[in-house]
*Asks:* 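My questions will all concern the structure given below.
This is a predicted model, so every value here is computed, not measured.
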Amino acid sequence: MKLDACAPGRIAVYGAYGHTGRFVVAELLRRGWTPVLCGRDADQLQAMAADLPELDWKAAAIDDAAALDRALQGTVGVIHCAGPFLDTGAPLLQAALRAGVPYLDCCAEQRAVLDLARDYDAPARAAGVVAVPAMAFFGGLADLLATAALQGASDAERIDVAVGLDSWHATTGTRLTGQRNQWPRVVVSGGQLTPLASPPPQRLWSFPPPFGEQEALALPLSETVTLSRHLHCDEVHSYMNLAPVRDVRDPDTPLPQAADASGRSAQRFVVDVRVQRQGRVRRALAQGRDIYAVSAPLLVEAMERVLDGRVRGRGVLSPGAAFDARDFLACLSPNAFSVSYPT
């Protein structure tokens, strides 16, 4: 479905009352769209709607196809923010296909993205529907940065992604996803998806200030899968500095706390992507605040581009394949986060 870029439209947000979902609802409202509050918990939806009385809400269990269909009825797209996506991704994408509307999610789970691509790419293409899993901080941002660094090329010898966080106060949803996701992590090695070595390797990474040089642990997430689907690359490896890994593994680490009226936390991040091609290393950097909050402008920008026709192809797409990566990132920098291409 194609709309005028400025036309108002109803966009379903599944998991609207969750931590990331609330940022997505706020971003849609800021841009003039009409969110439809959706999710599994009617009480939480009703409580959220009490603060946003102009918005509709629709409860739908993830295993109730008829309820999911009612939730998407009359919408022009769905943004899915309620994991674990190993359980919730396929049912909601199926509902999007039945409704004939685009589907975006914020999945960091490698296996979930692989399953959606394997099982639903052909049906989505046949239905003329765009689905972009992992269109968020984990997955989408690194994919767009690597694609932008390649400047139109579709192959590379090596892509290294390093995420630096000054802390990670994980949401309840993040912790539940970690408990549910027991699939082995994969990297790209020798041009193929290959299980991550055990124990995961570590290396020093020189992040830009204020992070500096830090020890980083191999921690591949959904960007490995999205990159492997649209770029020909011999090696793809992802890392994260150790402090946030310790935070997320510590059950006593508190939940994220708002540091301003927008609800964003004070957490700082950097995503440092280095692409090696024909003996030259190209670099792309994104820096900003709050990995959960920054997913909202990524998701909403993507939805707008799908709806106004600025998308390449149909089916289950990777972010860098779906969009003009440099233009996409430029539209979000510096308000959502800053992007640079150091030489």
*Asks:* Indicate yes or no for a side-chain donor-acceptor contact from D105 to the backbone of A134 under 3.5 Å, with no hydrogens or angles considered.
*Replies:* yes
*Asks:* Quick one: does R111's side chain have a donor or acceptor within less than 3.5 Å of a partner on W183's backbone?
*Replies:* no
*Asks:* Sub-3.5 Å donor-acceptor pair from the side chain of Q182 to the main-chain atoms of Q179, do we have one?
*Replies:* yes
*Asks:* Side-chain polar contacts of residues 329-343 - donor-acceptor pairs under 3.5 angstrom, sequence neighbours left out - could you list them?
*Replies:*
residue: S333; atom: OG; partner: F337; partner atom: O; Å: 3.4
residue: S333; atom: OG; partner: V339; partner atom: N; Å: 3.0
residue: S338; atom: OG; partner: Q287; partner atom: O; Å: 3.3

*Asks:* Checking the side chain of S318 only, and the main-chain atoms of L227 only, is there a donor and an acceptor separated by less than 3.5 Å?
*Replies:* no
*Asks:* Quick one: sort the Y292 and H19 rings into parallel, tilted or perpendicular, breaks at 30° and 60°.
*Replies:* perpendicular
*Asks:* For the pair R158 (side chain) and R277 (backbone), establish whether a donor and an acceptor sit closer than 3.5 Å, ignoring hydrogens and angles.
*Replies:* no
*Asks:* Under a 3.5 Å distance rule, please check whether S189 uses its side chain to pair with a backbone N or O of T194 as donor and acceptor.
*Replies:* no
*Asks:* Please name the pair of heavy atoms, one in D121 and one in V316, separated by the smallest distance, quoted to 0.1 Å.
*Replies:* OD1-N, 2.9 Å
*Asks:* Under the 3.5 angstrom rule, does the side chain of N241 hit a backbone N or O of A243 as a donor-acceptor pair?
*Replies:* no
*Asks:* Just checking, any donor-acceptor pair under 3.5 angstrom between side chains of H80 and T88?
*Replies:* yes
*Asks:* Return yes if some donor-acceptor pair links the side-chain N/O of R289 with the main-chain N/O of S265 below 3.5 Å, else return no.
*Replies:* yes
*Asks:* Does the pair D290/R268 count as a salt bridge with the N-to-O cut at 4.0 Å?
*Replies:* no
*Asks:* Between W168 and F138, is the ring centre distance below 6.0 Å?
*Replies:* yes
*Asks:* Among T177, L114, D115, which residue satisfies the side-chain contact (heavy atoms from CB on, under 4.5 Å) criterion with E109?
*Replies:* T177
*Asks:* Quick check: does any side chain N or O of K58 sit under 3.5 Å from a backbone N or O of R70, one acting as donor and the other as acceptor?
*Replies:* yes
*Asks:* Quick one, C81 and I79 - any side-chain contact, counting heavy atoms below 4.5 Å?
*Replies:* yes
*Asks:* Is atom CZ of R249 surrounded by more than 12 heavy atoms (other residues, nucleotides or ligands) closer than 6.0 Å?
*Replies:* no
*Asks:* Could you check whether Y120 and Y103 have their ring centres less than 6.0 Å apart?
*Replies:* no
*Asks:* Would you confirm whether Q110, through its side chain, and L221, through its main-chain N or O, come within 3.5 Å as a donor-acceptor pair?
*Replies:* yes
*Asks:* Quick check: are there more than 12 heavy atoms from other residues, nucleotides or ligands sitting under 6.0 Å from CD of Q192?
*Replies:* no
*Asks:* Would you list the pairs meeting salt bridge (charged side-chain N to carboxylate O under 4.0 Å, His left out) in which at least one residue belongs to residues 219-246, sequence neighbours left out?
*Replies:* none
